[in-house]
Amino acid sequence: MRRALVTGISGQDGSYLAERLLADGVEVHALHHPSEARDRPRPAYCPDEVVLHIGDLTDHKAVGGLVRELAPDEIYNLAAVSSVARSWQEPELVEAVNATAALALMDAALRAQQRTGAPVRFVQASSAEIFGQPEQSPQDEQTPVRPVNPYGAAKARAHAGIAEHRERGLHAVSAILYNHESPRRPAQFVTRKITSTVAAIARKRADRLVLGNLEARRDWGWAPDYVDALVRAARADLAQDFVVATGVAHSVRDFVSAAFARAGVDDWARYVSVDSDLVRPVDAVELRGDATLAHDVLGWTPTVGFTELVARMVDADLASS
Ligand code: NAP
């Protein structure tokens, strides 16, 4: 039986990835962050079959020991401080988790492979934020890496580490993920903030949605599609990096408008205000990915478009509010 180690199990993607791997008959082990484990011994949405190992990714020795003990066939590194906003506030933590610990995990994977002789397939959850404010749109695997925030900079260091470990013989893949969403997205992220607040407004439990830059344009996809791309990338014959994106960008304003329409609220502008404190100091006008390589090599294609994505999120928030 194939065995996988997943980090970041309590996050949006961790739960979907665990479900995807279990459906494939994979034995799934997961690193569960101690801060989260204190409050929630089993993360929300984490399937019962997942074997949890409490540990912090920055504890390189313990994580290296876990990799040695499990000798997994596949490692998916999803653990990260994943908020750009938080990365301005805690850049050292972001560097430690998103870059240094990711590199240490790659080292541990390579050592395990060298010791046992059995190949380890390593997938790093990278981000479109490594491109910063790109001059070209859409971006692809050849787009220059020029991050403009601490989150993107740390992800860029891990991205470079993947190329290095690939040269050293690891089947190492950097999946350059564009924004992907679902009802499991935490409410501090803009899309879920929009859908949960819109649902509350529709239910007359709130009267204001406060946002930053309404004109920022992002390429939003459906999270389960993106974890499917990670699995396909792990199992591909050749290790290489892949952009994972829908290729279609919409503005935050479009997202807001679609969410209010789905909730049946007219004249939405009167509920929305902009707070300049929520506008990023530096931001890309548009991040939009070209996933042609993932399509051609992995047979991957997104299954949920923008309107359907917004509808699923709003419906879930209406149902729970
Ligand atoms: P998420 O919901 O924020 O989940 C991140 C996970 O990492 C959480 O389980 C978190 O646990 C864990 N974690 C953080 N610090 C840790 C540490 N020191 N040790 C162990 N675990 C730690 O993120 P996501 O949306 O699922 O995204 C998954 C990955 O894809 C992340 O690497 C993210 O940067 C990347 N990505 C996501 C998107 C997107 O649109 N979702 C786009 C591009 C890239 P706690 O909650 O306990 O801290």
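In listed order, ligands and their atoms are each counted from 1. Both backbone and side-chain heavy atoms feed into the values below; hydrogens, waters and symmetry mates do not.
At the shortest separation from atom 44 (C) of ligand 1 among protein heavy atoms lies Ser126 O, 3.2 Å. Scanning the protein for heavy atoms near atom 28 (C) of ligand 1, the closest one is Asp13 OD2, 3.4 Å. Among protein heavy atoms, atom 42 (C) of ligand 1 sits closest to His180 CE1, 3.6 Å. The single protein non-hydrogen atom nearest to atom 30 (O) of ligand 1 is Ala125 CB, 3.4 Å, given as residue, atom name and distance. Regarding atom 43 (C) of ligand 1, its nearest protein heavy-atom neighbour is Leu177 O, 3.2 Å. Nearest protein neighbour of atom 45 (P) of ligand 1, counting heavy atoms only, is His33 ND1, 3.5 Å. Among all protein heavy atoms, the one lying closest to atom 23 (O) of ligand 1 is Ser82 OG, 3.4 Å. Protein heavy atom in closest approach to atom 6 (C) of ligand 1: Gly8 CA, 3.6 Å.
Checking side-chain atoms of Thr197 against main-chain N and O of Ile194 turns up no donor-acceptor pair under 3.5 Å. A side-chain donor-acceptor contact under 3.5 Å links Thr7 to the backbone of Leu78. Proximity of a side-chain donor or acceptor of Arg192 to a complementary backbone N or O of Arg185 within less than 3.5 Å is detected. Within the 3.5 Å criterion, the main-chain N or O of Ala99 finds no donor-acceptor partner in the side chain of Arg157. His295 contributes no side-chain N or O that, together with a main-chain N or O of Ala291, makes up a donor-acceptor pair within less than 3.5 Å.
Heavy-atom separations between Pro43 and ligand 1 are all 4.0 Å or longer. Remark: distances from the non-hydrogen atoms of Tyr151 to ligand 1 include one below 4.0 Å. For Lys155, the heavy-atom gap to ligand 1 drops under 4.0 angstrom. Contact between Val97 and ligand 1 is present, with at least one heavy atom of the residue lying under 4.0 Å from the ligand.
Atom CD of Glu135 is surrounded by 12 or fewer heavy atoms from other residues, nucleotides or ligands within 6.0 Å.
Between Thr58 and ligand 1, not a single N/O pair is under 3.5 Å apart. At least one N or O atom of Gly11 sits closer than 3.5 Å to an N or O atom of ligand 1. Geometrically, ligand 1 and Arg185 share a nitrogen or oxygen pair separated by less than 3.5 Å. Residue-to-ligand polar distances keep Ser127 apart from ligand 1: every N/O pair is separated by 3.5 Å or more. Residue Ala80 has at least one N or O atom closer than 3.5 Å to an N or O atom of ligand 1. Checked by distance only, ligand 1 and Gly14 stay at 3.5 Å or farther apart across all their nitrogen or oxygen atoms. By the 3.5 Å distance cut-off applied to N or O atoms, Asp56 is counted among the residues near ligand 1. The distance criterion of under 3.5 Å between nitrogen or oxygen atoms is met by Gln12 with respect to ligand 1.
Relative ring orientation between His29 and His53 is described as parallel, the plane-to-plane angle staying below 30° on a 0-90° scale split at 30° and 60°.
Atom numbering of ligand 1 starts at 1 in the shown order; those under 4.0 Å from a heavy atom of Leu78 are 28 (C), 29 (C), 31 (C), 32 (O). Of all the atoms in ligand 1, the ones that sit under 4.0 Å from a non-hydrogen atom of Asn179 are 40 (O).
Side-chain atoms of Ser15 and Arg184 include a donor-acceptor pair closer than 3.5 Å.
Counting only non-hydrogen atoms, the option in Ser10, Ser35, Gly221 that gets closest to atom 8 (C) of ligand 1 is Ser10. Closest heavy-atom approach to atom 19 (N) of ligand 1 among the candidates Asp219, Leu57, Ile9: Leu57.
A continuous path of Ile, Leu, Val, Met, Phe, Trp and Tyr side chains, each step under 4.5 Å between heavy atoms, connects Leu21 with Leu177, placing both in one hydrophobic cluster. Both Leu17 and Leu52 are part of a single hydrophobic cluster, where members link through side-chain heavy atoms under 4.5 Å apart. No chain of hydrophobic side-chain contacts below 4.5 Å, direct or via other Ile, Leu, Val, Met, Phe, Trp or Tyr residues, connects Leu66 to Val6.
For Ala79 against Leu57, the heavy-atom pair with the smallest separation is CB-CD2, 3.9 Å.
Asp107 and Arg111 are not joined by a salt bridge, as no carboxylate oxygen comes within less than 4.0 angstrom of a charged side-chain nitrogen.
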Just do the salt bridge (charged side-chain N to carboxylate O under 4.0 Å, His left out) check on Arg3 and Glu27 with the steps written out, would you? CA-CA 5 Å; Arg3 180 180 286 174; Glu27 178 184 312; 2.8 Å; yes
